[in-house]
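Only this structure's heavy atoms are used, side chains among them; waters, hydrogens and symmetry mates stay out.
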Amino acid sequence: VQPIFISVDPARDKPEHLAAYSSAFSPAIRALTGSERKLRQVAKAYGSYFNYVGRTPGSTTYTVDHSVNIYVVNGEGKLVSVIPFGTPLEEIVRRIEGMLDKSG
């Protein structure tokens with residue numbers, strides 16, 4: 001299992017910021033971002049969304065409205081589950097364990 005955090009605000013979330021943010025949760029998390037065009041492609045592929053609110057050219061005082069679910073993707077890149085925000089930790093663990101191949 002590889003946890004990945006994808007920032008949808010590449011203008012403000014530079015690699016050093018993402019590294020510090022994600023490592024505050026776990027050093028195992030890979031933090032990624034990309035161009036807005038690529039991020040929109042990823043969001044569309046997985047049924048996610050994001051929108052910049054109050055953004056004007058050159059401004060850094062906008063907010064970002066975005067999905068907050070956990071998207072479980074298999075090794076082939078296929079979305080296999082969406083775990084809604086607020087799901088208790090025990091339920092998240094149960095769901096992910098149920099998806100893992102326990103044969104070895």
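- Under the side-chain hydrogen bond (donor to acceptor under 3.5 Å, both in side chains) criterion, S59 pairs with T61, sequence neighbours left out.
- Residues V8 and V82 fall within the same hydrophobic cluster, defined by Ile, Leu, Val, Met, Phe, Trp and Tyr side chains chained together at heavy-atom separations under 4.5 Å.
- Remark: D13 engages S7, D9, L18 in a side-chain contact (heavy atoms from CB on, under 4.5 Å) (not counting sequence neighbours).
- Looking at heavy atoms from C-beta onward, R12 lies in side-chain contact with V64 at the 4.5 angstrom threshold.
- Between the R40 side chain and the F50 main chain, a donor and an acceptor come within less than 3.5 Å of each other.
- Other members of the hydrophobic cluster containing L89, listed by chain and number, are V93; membership follows side-chain contacts under 4.5 Å among ILVMFWY residues, whether direct or relayed.
- Sorted by first then second residue, the salt bridge (charged side-chain N to carboxylate O under 4.0 Å, His left out) pairs that include residues 24-33, not counting sequence neighbours, number zero.
- The side-chain contact (heavy atoms from CB on, under 4.5 Å) search around P27 returns none, not counting sequence neighbours.
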Please list, one pair per line, the donor and acceptor atoms closer than 3.5 Å that link side chains of residues 41-48 to other protein atoms, with sequence neighbours excluded.
residue, atom, partner, partner atom, Å
Y46, OH, G77, O, 2.7
S48, OG, S67, OG, 3.1

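- Identified under the salt bridge (charged side-chain N to carboxylate O under 4.0 Å, His left out) test for residues 73-82, with sequence neighbours left out: none.
- Summarising the geometry of G34 relative to L39, their closest heavy-atom pair is O-CD1, 3.4 Å, with the distance given to 0.1 Å.
- Applying the ring pair (Phe, Tyr, Trp, His ring centres under 6.0 Å) test to residues at least two apart or on different chains, the pairs with a partner in residues 61-82 are Y52-Y62.
- Legend: salt bridge (charged side-chain N to carboxylate O under 4.0 Å, His left out) pairs involving residues 45-68, not counting sequence neighbours, sorted by first then second residue: E36-R55.
- One hydrophobic cluster, built from ILVMFWY side chains closer than 4.5 Å, holds both I70 and M99.
- In this structure, V73 is not a member of the same hydrophobic cluster as V1, with clusters built from ILVMFWY side-chain heavy atoms closer than 4.5 Å.
- Considering only residues two or more places apart in sequence or on other chains, T87 meets the side-chain contact (heavy atoms from CB on, under 4.5 Å) condition with I83, P84, E91, I92.
- Using a 4.5 Å cut-off between side-chain heavy atoms of Ile, Leu, Val, Met, Phe, Trp and Tyr, with links allowed through other members, I29 and V68 fall into different hydrophobic clusters.
- Legend: ring pair (Phe, Tyr, Trp, His ring centres under 6.0 Å) pairs involving residues 2-29, not counting sequence neighbours, sorted by first then second residue: F5-Y21, Y21-F25.
- Under the side-chain contact (heavy atoms from CB on, under 4.5 Å) criterion, S23 pairs with no residue at all, not counting sequence neighbours.
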